[in-house]
There are 2 protein chains.
Amino acid sequence: MTCITLFRFMIKNKIIGSQFLGVENVLSQFKSICGEDRVSVGQAVREQHGRDESMHRCCAPDAVVFPHCVEEVSALAKLCHLYNVPMIPFGTGTGLEGGVGALEGGVCFSLRNMDKILDLHMEDFDVTVEPGVTRKTLNTYLRDTGLWFPVDPGADASLCGMAATSASGTNAVRYGTMRENVLNLEVVLADGTIIHTAGKGRRPRKTAAGYNLTNLFVGSEGTLGIITKTTLRLYGIPEAMVSAVCTFPSVQTAVDSTVQILQAGVPIARIEFLDEVMMDACNRYSSLSYPVNPTLFLEFHGSEGSLEEQVKTTEAITQSNDGSNFQWAQDAETRNRLWAARHNAWYAAQALRPGCKAYSTDVCVPLSQLPQIIVETKEDLIKNNLTGPIAGHVGDGNFHCLMVVDPNDKDELHRLHAFTDRLARRALALDGTCTGEHGVGLGKRSLLQEELGCHTIHLMQSLKYTLDPKNLMNPGKVLLPFSRESRQG
Amino acid sequence: MTCITLFRFMIKNKIIGSQFLGVENVLSQFKSICGEDRVSVGQAVREQHGRDESMHRCCAPDAVVFPHCVEEVSALAKLCHLYNVPMIPFGTGTGLEGGVGALEGGVCFSLRNMDKILDLHMEDFDVTVEPGVTRKTLNTYLRDTGLWFPVDPGADASLCGMAATSASGTNAVRYGTMRENVLNLEVVLADGTIIHTAGKGRRPRKTAAGYNLTNLFVGSEGTLGIITKTTLRLYGIPEAMVSAVCTFPSVQTAVDSTVQILQAGVPIARIEFLDEVMMDACNRYSSLSYPVNPTLFLEFHGSEGSLEEQVKTTEAITQSNDGSNFQWAQDAETRNRLWAARHNAWYAAQALRPGCKAYSTDVCVPLSQLPQIIVETKEDLIKNNLTGPIAGHVGDGNFHCLMVVDPNDKDELHRLHAFTDRLARRALALDGTCTGEHGVGLGKRSLLQEELGCHTIHLMQSLKYTLDPKNLMNPGKVLLPFSRESRQG
């Protein structure tokens with residue numbers, strides 16, 4: 001009997017499985033662990049912790065706890081495990097796939113009070129942080145050391161949350177995603193056990209010591225455990241940085257330029273595509289005046305000399321593809337304004353239709369497939385009368401349609417869902433994935449099955465049940481509930 | 001009951017578990033799957049497949065099968081699963097930790113006949129290969145495309161074997177290890193199920209689609225499944241490459257230079273340390289005449305202009321640390337000779353004591369700890385009258401003592417084992433690992449427990465039992481046998 005069959009057997013026959021008990025049974029014990037004022041059942045606090053920045057409806061937890069240290073997290077988890085109470089970790093709530101909703105009630109672990117930056121080793125290019133530390137806080141702290149942490153999803157997310165969702169963003173083409181930049185994790189498992197994925201305090205730059213547990217938890221979206229510390233790889237702040245904007249007559253020429261820049265070995269730090277709709281929205285929202293065309297935002301990092309050469313090679317390529325002359329952003333202020341405009345694309349899109357809500361798609365395909373999928377997607381948007389400006393990390397083949405819809409227009413919502421499904425299936429047909437960086441969360445669980453196939457999904461289910469047999473860790477996320485998947489698989 | 005407790009309970013009570021049956025029960029069925037001539041029970045063939053390049057004694061399997069395709073591997077695995085026959089995957093046998101020994105008998109799956117290079121996508125920088133394809137074969141195949149696969153452990157290992165052992169080597173400081181360069185794997189599980197870790201045929205450069213199964217299998221050393229295909233990330237061949245040799249008055253100055261070069265953001269492709277004993281051995285073995293001092297072998301990749309700048313920055317740093325002038329290797333032939341000498345360090349060390357055997361240690365520590373551990377280790381070697389020239393991938397904090405010992409001298413063997421244990425514990429005390437790239441195999445299973453702690457080991461055990469409840473996949477490797485660990489944990 002394989003393990004997954006065994007688990008099915010046991011769940012069906014109630015040998016294992018759990019009935020979630022109300023949180024009221026444990027509130028007083030929570031308070032004895034955390035103190036009265038760090039356990040909240042107030043409606044406003046609960047609702048604030050039941051949603052992220054996506055369109056997914058709020059699912060408020062029954063209570064929110066604010067632990068101060070890993071020992072408290074562990075003690076709380078032990079209680080939850082004993083009483084079958086679901087646990088949902090919460091960082092900054094800046095996720096985009098509904099990952100924090102308390103679908104089955106339970107307790108939200110807000111980790112914002114665990115906000116220490118620990119163990120900075122400058123010579124070793126590593127640092128360990130607690131889950132309340134955000135990306136910007138860390139980089140502000142590091143500013144005078146000559147080091148920085150480059151992974152940049154746009155939002156000022158917590159670094160442990162970024163680990164949990166395998167975040168990446170604009171710098172990934174050069175510096176990798178969280179998968180490549182997490183050296184070690186402290187995790188509280190479903191039964192309250194504290195583990196260190198690479199051993200306590202360990203931080204070699206590489207290791208072959210046993211199974212790669214670190215990357216099992218990176219991207220697990222809170223469904224396998226609560227990340228309470230992450231050890232990160234740092235980088236030297238480049239001697240010089242320069243950004244540039246280049247517009248193109250077509251999607252094809254912009255993407256062709258991207259492929260050729262990477263083929264030429266230019267170590268480009270950022271290469272972001274914005275379609276003409278997105279450029280128009282950014283111009284309006286951020287008071288810019290770029291031409292309304294398919295556009296690349298570029299950034300180069302390196303020494304002065306290397307920068308010059310990178311730019312020269314890149315310019316030759318873009319010009320051979322009918323790109324415009326570069327518009328430069330050299331000083332820090334202009335650069336920051338440029339990238340703020342890119343990072344505000346989400347709000348710029350929303351501002352196109354005041355009162356509407358935004359939802360971001362997240363497909364990722366091999367580079368060569370980008371022109372085809374972007375062109376088809378733009379046609380699909382027009383045909384279905386949908387607003388969805390496109391911004392993408394094209395160096396990785398990842399792009400987003402920032403869909404802006406009227407939540408009260410049922411017909412539009414219906415068209416939106418049909419469109420996002422078609423887009424994901426288009427990516428799957430081109431050897432890609434339905435999610436390059438936002439994760440599966442709630443909305444892509446069915447698509448994940450199509451993407452991976454039933455055997456791979458079964459393996460993921462068996463890992464989930466091994467680590468969390470009672471299904472208490474962020475239940476209902478990533479994988480469809482067991483019985484439903486079972487019917488489909 | 002947690003999952004691991006449950007498994008213990010079931011094994012103890014024989015609810016699951018397995019008794020390995022002799023291979024003779026299945027030989028005729030193997031032959032009906034593979035054909036008569038691709039199932040061997042000849043002693044020479046079995047012994048050839050029972051050992052790698054390490055000192056671990058030969059443990060010959062009961063039979064060796066040579067499947068031609070994944071369907072055959074799957075059919076063979078189903079049979080083994082049914083009859084409780086252990087399965088040991090075999091690539092080129094170039095491992096260094098005894099990973100291929102058939103400790104409990106069973107069948108060796110030699111995958112050398114599955115040697116197709118599939119699906120090269122030049123524009124997307126990816127390729128898929130079968131397990132018989134080695135690193136050099138792939139790079140020869142790619143030569144005219146302008147692309148290459150840079151991970152280089154020295155040996156001409158099979159790429160799927162490199163994935164299975166999380167190999168790295170001299171280029172990892174720039175291009176990462178197998179963990180960063182495998183996009184997808186086809187794996188045959190213990191019960192014969194074929195899975196694709198990222199979904200069949202998928203090859204986006206990044207993904208957030210569910211648990212990272214790819215990196216669960218990378219480095220699993222054949223204990224979770226048989227890797228039958230790997231999709232790899234490729235890189236553009238640099239416009240120019242140049243190598244240089246620089247000698248130093250001390251270990252400290254060589255390592256200080258390394259740290260400063262990395263801090264300066266030089267994208268160095270290789271930075272290899274050799275101590276004076278190693279340099280002497282390499283001079284003799286490869287007919288070179290470098291000064292017999294602590295030495296760095298360096299390699300720079302990039303455009304002509306970027307190379308010049310990298311070299312300038314690096315030279316300034318090495319000279320400020322009392323390094324010698326660079327000795328250059330610019331043309332391909334001289335460079336190849338230099339790196340052949342580095343890669344032949346293993347044989348150069350063995351040649352120091354003809355008739356003796358070599359064993360390589362593999363600790364990896366944070367960069368700042370390198371001078372201390374190397375100096376202490378050299379003192380330890382001298383004090384215990386052991387031959388162990390040192391070569392290391394110092395950009396990653398990883399170094400090897402290439403121990404050369406007389407296998408018939410019991411006292412020396414005893415001193416060797418005591419030394420390697422002390423070295424590993426020294427690395428652990430400095431936040432490092434007992435294995436940076438060779439893996440755990442047979443010899444480091446106890447050390448792995450010290451390194452990770454019992455809770456993390458228990459989690460690895462539970463993953464192993466989830467994927468391979470009958471303990472048929474390369475049994476006895478990575479994790480200590482269940483009962484023994486149980487007593488210690």
Side-chain angles (χ1 to χ4, degrees), chain A residues 2-3 121 123-124 166 168 172 177 180 191 193 195-196 199-212 215-216 219-220 236 238 259 263 265 303 305-306 309 364-368 396-397 431-433 435-440 448 451-453 455-456 459-460 462-463 466 469 478, chain B residues 2-3 121 123-124 166 168 172 177 180 191 193 195-196 199-212 215-216 219-220 236 238 259 263 265 303 305-306 309 364-368 396-397 431-433 435-440 448 451-453 455-456 459-460 462-463 466 469 478:
Chain A
T2 66
C3 193
H121 297 100
E123 272 203 322
D124 300 323
S166 192
S168 49
T177 72
E180 288 82 32
D191 65 359
T193 305
I195 67 154
H196 298 84
K200 190 169 182 179
R202 313 226 162 272
R203 52 195 181 86
R205 281 166 69 93
K206 68 180 191 186
T207 170
Y211 306 145
N212 188 342
N215 268 326
L216 183 60
S220 63
V259 173
Q263 271 173 338
S303 63
S306 126
E309 193 180 34
C364 186
V365 297
L367 289 184
S368 63
D396 295 314
D431 300 345
T433 172
T435 175
E437 58 181 17
H438 295 169
V440 176
L448 189 71
E451 179 167 334
L452 300 178
H455 294 311
T456 303
L459 181 45
M460 288 189 184
S462 65
L463 296 179
T466 300
V478 183
Chain B
T2 65
C3 194
H121 297 100
E123 272 203 323
D124 300 323
S166 190
S168 48
T177 72
E180 288 83 32
D191 65 357
T193 306
I195 66 153
H196 299 84
K200 190 169 182 179
R202 313 227 161 272
R203 52 194 181 85
R205 282 166 69 93
K206 67 179 192 186
T207 170
Y211 306 146
N212 188 341
N215 268 326
L216 182 62
S220 62
V259 172
Q263 272 174 334
S303 62
S306 127
E309 191 180 38
C364 186
V365 296
L367 288 184
S368 64
D396 295 315
D431 301 345
T433 173
T435 175
E437 58 181 17
H438 295 169
V440 175
L448 188 71
E451 178 167 333
L452 299 178
H455 294 311
T456 303
L459 181 46
M460 289 188 182
S462 66
L463 296 180
T466 300
V478 183

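Naming convention: chains lettered A, B, ... in sequence-line order (proteins, then strands); numbering from 1 in each chain. All of these numbers come straight from a predicted model, not from anything done at the bench.
In this structure, CD on Glu451(A) lies 5.0 Å from CZ on Arg202(B), to the nearest 0.5 angstrom.
For Ser306(A), the parts sitting under 4.5 Å from any heavy atom of chain B are the backbone and the side chain alike. Heavy atoms closer than 4.5 Å to chain B are found in both the backbone and the side chain of Val259(A).
Between chain B and the residues Asp431(A), Leu463(A), Asp396(A), Thr193(A), the most heavy-atom pairs under 4.5 angstrom are made by Asp431(A). Between chain B and the options His455(A), His196(A), His121(A), Glu309(A), the largest number of non-hydrogen pairs under 4.5 Å is found for Glu309(A). Each of Glu437(B), Lys200(B), His438(B) has some count of heavy-atom pairs under 4.5 Å with chain A, and the biggest count is that of Glu437(B). For chain B, the option among Ser168(A), Pro238(A), Gly265(A), Gly210(A) with the highest count of heavy-atom pairs below 4.5 Å is Gly210(A). Comparing Arg203(B), Arg205(B), Glu123(B) by how many heavy-atom pairs each has under 4.5 Å with chain A, the most go to Arg203(B). If you tally non-hydrogen atom pairs under 4.5 Å between each of Thr207(A), Val365(A), Thr433(A) and chain B, the highest count goes to Thr207(A). Among Gly236(B), Gly397(B), Gly439(B), the residue with the largest count of heavy-atom pairs under 4.5 Å with chain A is Gly439(B). Comparing Ala172(A), Gly219(A), Gly453(A), Gly305(A) by how many heavy-atom pairs each has under 4.5 Å with chain B, the most go to Gly305(A). Chosen from Val440(A), Asn215(A), Leu448(A), Leu367(A), the residue pairing most often with chain B at heavy-atom distances under 4.5 Å is Asn215(A).
Contact detail for Gly199(A) and Leu452(B): the closest heavy-atom pair is N-CD2, 3.6 Å.
For the side chain to side chain donor-acceptor pair (under 3.5 Å) test, residues two or more places apart in sequence or in another chain that qualify with Thr177(B) are Glu180(B). Remark: Asn212(B) pairs with no residue by the side chain to side chain donor-acceptor pair (under 3.5 Å) rule, at least two apart or across chains.
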